[in-house]
Each structure stands twice: as C-alpha cells, then as structure tokens.
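These numbers come from a predicted model, not from an experiment.
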Amino acid sequence: MGVGVSAHRLAGTVASLGAMGTISSVDLRRHHPDLMVETGRSRDRALIDKTNLIALDREVKAAKEMAEGKGFVAVNVMRAVSEYASYVRQSCESGADAVVVGAGLPLDLPELTADFPKVAIVPILSDVRGISLILKKWMRKNRLPDAIVIENPKYAAGHLGAPTADAVNSPNFAFSNVLEGTRQLFKDLDLEKESIPLITGGGIHSHEQVKQLLGMGANAVQLGSPFAVTEEGDAHPNFKKVLVEARPEDIVTFMSVAGLPARAVRTPWLEAYLEKEEKLQRAAKQRPCTVGFDCLVSCGLRDGIAKHGQFCIDTRLAFALAGDIKRGLFFRGSEKLPFGNAIRPVRELIEYMLTGIRPVLAAVAPPTVRPMHDLVPA
C-alpha cells in the first residue's frame, strides 16, 4: 500500500465489516500534523523513528475503535525496512490482531512476537520454495504461521516477490501451482491437521475470481489496489484518480531501491526516472541519506547499489500520499479494478467480491483535466 495509503480509516472500516483490515506501517507520521511539525524538517533519524512508532500506535488504536470488536486489524510490516523489528513489536503492543510481513523472509517473526501469542503472524510469500523455508524454520521454533498470503508478482502492486523484473511471469508463481504445491507440502510435513489458511493476493478484481480461487484450494483473498481506491482509502483523492485512470500500458514494472521489482503507474516522475535509470545506475555511489530517514535495510540510492533503483522511495511515496501527481510514485496492480474508474465505498466492494452483486454506478462526468485514460469498467 505504500506510505499511508491504508491507515486507520480504511483498515478500521474493512474490519468493521467483518474482514481483515490492514494498516501499512511505513512512515505513518505523515498522517499526523503534530508529528510532522516535530519531524518534517528534521534530520534526526532516532526522532523520526520514535514519532513513526507513536503514529503506528495511534493508527492501530483508532482502527480498533472503528472496528468495534468486529473483524481483525492487521499491520503490514516490510521485512526490508530497517525498523522492521520495532514496527512488529509496536504493532503487538498497540493491540493489532495480526502482523503480516512481506518484502523478505521473516525468519525471526516467531521470536519477535513471542510475548504476544494471541497476535496472528502471517508471512507473504510467492512460491512453494519460500513457503517451505518459512515452515521448516518456524517448526524448529515450535511456531506455525496463522495464515500464509500467497502473492502472485505477475499481478500484484508495489514490491513484488520475485528476484528480477523479468522473473515476475514465472509459472512458479501461478496460483494453481503454488496452492497445489503448498497443499502437498502440508502433507509432506504432516501439517494437514493444522488447517493453515492460504490467502491468495495479486490482481483479484471480481467475484468470479474469488469463486475460482476458493475452488482451487484458497481459503481467502487479499485485495490491495481495489481497497486503495475506495472512498475510505486514506490517500489523497488524486492518488485514487491516478490509479483508476491508469490504462494497462500506463502500468510498469521496474527495480525499486529496495532491490525488488515493483509495479506502479507511469506518472510524470516515473516516466522521467525510467528514461535516465541506466545513466543513474552507472553513476551509483554511496551517499548519506538525504532525508535523514534510513527507511530500508538496503537502499540502492544510499548504498550505491547499481542494479537497484536510484531514487528516494519514501519521498516519492509521500508525494503520492499527498496527491502530487507530477512527483509521486503510485503503486498499482496490473489488472483492472472492480468498479472501473468509479470510487465506491468499502462496503460495496466487499459485497461485490463475496456475492457478485454490483452497485448501480452513476455515469461519471468528464474530468476537467485530461485523464491518463478512460478505463473500461469491469
């Protein structure tokens, strides 16, 4: 979800309707004016890290209050961020029902959550090999995942679980192959009786897909981009506008500074960056973090890693959160959205995905500025 796109309003609404709403943990201070007054121009990394934990605590508690005891409130923590362990612990202390971890293998998640046995721990993985590694490592620690998210990098948004941009289309990531392989893995490890739920994510946009995936052995589905563009999504209206107006040819896959492929909308900044990417990579060298916030364990720009992206990802995602179409980085999945270019409430999205019942969509008036495209409604 990037920076701040899924905060307490979206996650709390989703949970209030009986589903699992997920807060994206990275740099949540940007949703809190008082914290930004304190840190907006600061280069004190310790202060920024501290205020982000305060913001995370506020967001979890606010989401739980909105949920009124219904559903679940989860926190997504990227394994690739430098404050990963702190975010995990704070999520548990603040009362999150689950911690969901992707962008790397969370081999130490059982230890980090050991004092909070009621908090579900959920890894995000893309292939049977990764699932096997996590299961075997965690079994030695007498802990199993409470669920596993199987995310297909061919369709997902943001950081993708593939080694390179070219590898995202590998058949090893196909839902059918991973679901079948994981069920066999459960048999081989004598884990069938544990009934670990498998949650498929990436590109899911219709009730028919949900039925198909459940028929293939999935227990649930995960939605990213469709929730991001709901009325309750926490990002600026311009963020939603960029996502719903993106044509297939506007959506590109490239290397992030985190060393992972990423998928986003080709906005003016991304277009300009991609044109000079090779030149920037050739000139890569180590440099101080320009914003005083070392958000990633490994950063291509800061650490001078030529094969990784060469831009400040936190800055670009923050521009997107604020609705800056020219300068922002807007993560989006590759597939069409459930309601086309319509911005609808979370309740309608959940109802459609579960039942196939669509809301009556009013005609959308032509925008006052030239859109990136006119996406055909799903």
> Distance-only, no hydrogens or angles: does the Q310 side chain make a donor-acceptor pair with backbone N or O of I305 under 3.5 Å?
Replying inline: yes
>> Check R316 with D314, please: is the shortest side-chain N to carboxylate O separation under 4.0 Å?
In response: no
>> Within the 3.5 Å criterion, strictly below it, is a donor on H308 or Q281 matched to an acceptor on the partner's side chain?
In response: no
> Going through the checks in order, is the side chain to side chain donor-acceptor pair (under 3.5 Å) test met by E59 and H32?
Replying inline: CA-CA 10 Å; E59 294 294 323; H32 299 267; 2.7 Å; yes
> Within a strict 4.5 Å, meaning less than it, do heavy atoms of the V101 and I124 side chains meet?
Replying inline: no
>> Whether the D127 and N172 side chains hold a donor-acceptor pair (N or O, under 3.5 Å, no angle test) is what I'd like checked.
In response: no
> Under 4.5 Å between any side-chain heavy atoms of L144 and K141, yes or no?
Replying inline: no
>> Looking at every heavy atom in both V73 and A15, which two are closest together, and how far apart are they?
In response: CG2-CB, 3.9 Å
> Using a distance-only test with no angle check, is there a side-chain donor-acceptor pair under 3.5 angstrom linking D57 and S94?
Replying inline: yes
> Do the charged groups of R29 and D34 touch, with an N to O distance under 4.0 Å?
Replying inline: no
>> In the structure I gave you, are the side-chain heavy atoms of T200 and L179 within less than 4.5 Å of one another anywhere?
In response: yes
> D108 and Y84: side-chain donor and acceptor closer than 3.5 Å?
Replying inline: yes
>> For the aromatic rings, using the six-membered ring if either is Trp, is the centroid distance between F319 and W269 under 6.0 Å?
In response: no
> Do R263 and I251 have side-chain heavy atoms sitting under 4.5 Å apart?
Replying inline: yes
>> Is a donor from one side chain sitting under 3.5 angstrom from an acceptor on the other, for E151 and Q222?
In response: yes
>> Please identify which of these residues, K64, K70, K118, meets the salt bridge (charged side-chain N to carboxylate O under 4.0 Å, His left out) condition with D97.
In response: K64
>> Could you tell me if R344 and T230 have a donor-acceptor pair between their side chains, going purely by distance under 3.5 Å?
In response: no
